[in-house]
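Quick caveat, the model's predicted, so the values are computed rather than measured. Side chains are part of it too, since the values below use all heavy atoms of this structure and drop only hydrogens, waters and symmetry mates.
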Amino acid sequence: MANTCRRFHLERRIDESGMSGLGRVAEGIELPNGMVVMWWLVEPHSIQQYRTLDDLRHIHGHGVKQTTEVCYDD
């Protein structure tokens with residue numbers, strides 16, 4: 001487990017829902033305990049938390065197509 005937070009963003013290549021757009025659509029931090037906090041850069045702006053980064057990927061990665069990539073900024 002890391003001792004520091006890691007910044008990341010979601011890079012969306014295909015917008016299957018037509019809601020979030022393409023490119024950098026969200027930013028977040030992975031906490032030292034593995035929990036994740038993410039906020040959307042597009043309307044409607046919201047903040048969410050996830051137990052793990054894998055949970056976030058499962059929800060927002062769009063399955064086997066992986067149309068959204070988690071990119072670390074640090």
Below 4.5 Å, heavy atoms only, C-beta onward: do C5 and L31 meet side chain to side chain? yes
Could you grab the distance from atom NE2 of H58 to atom OG1 of T52, nearest 0.5 Å is fine? 10.5 Å
Report the distance from atom NE2 of H9 to atom OH of Y72, rounding to the nearest 0.5 Å. 12.0 Å
Over all atoms of both residues, closest heavy-atom pair of S46 and Q48: OG-NE2, 3.4 Å
Where do M35 and Y50 land on the side chain to side chain contact (heavy atoms under 4.5 Å, CB included) test, with the steps shown first? CA-CA 6 Å; M35 291 190 72; Y50 303 89; over 6 Å; no
Could you walk me through whether M38 and I47 pass side chain to side chain contact (heavy atoms under 4.5 Å, CB included), step by step? CA-CA 6 Å; M38 184 187 77; I47 297 173; over 6 Å; no
From CZ (R51) to CG (N33), nearest 0.5 Å: 11.5 Å
C71 and E11: which non-hydrogen atoms are nearest, and at how many Å? SG-CB, 3.9 Å
Working to the nearest 0.5 Å, report the span between CG of L10 and CG of L56. 5.5 Å
Note: V36 and F8 closest approach over all heavy atoms is CG1-CZ, 3.5 Å
Do E27 and W40 have a side chain donor and acceptor closer than 3.5 Å? no
Taking all non-hydrogen atoms of both residues, which atom of R12 and which atom of T68 are closest, and how far apart? NE-OG1, 2.6 Å
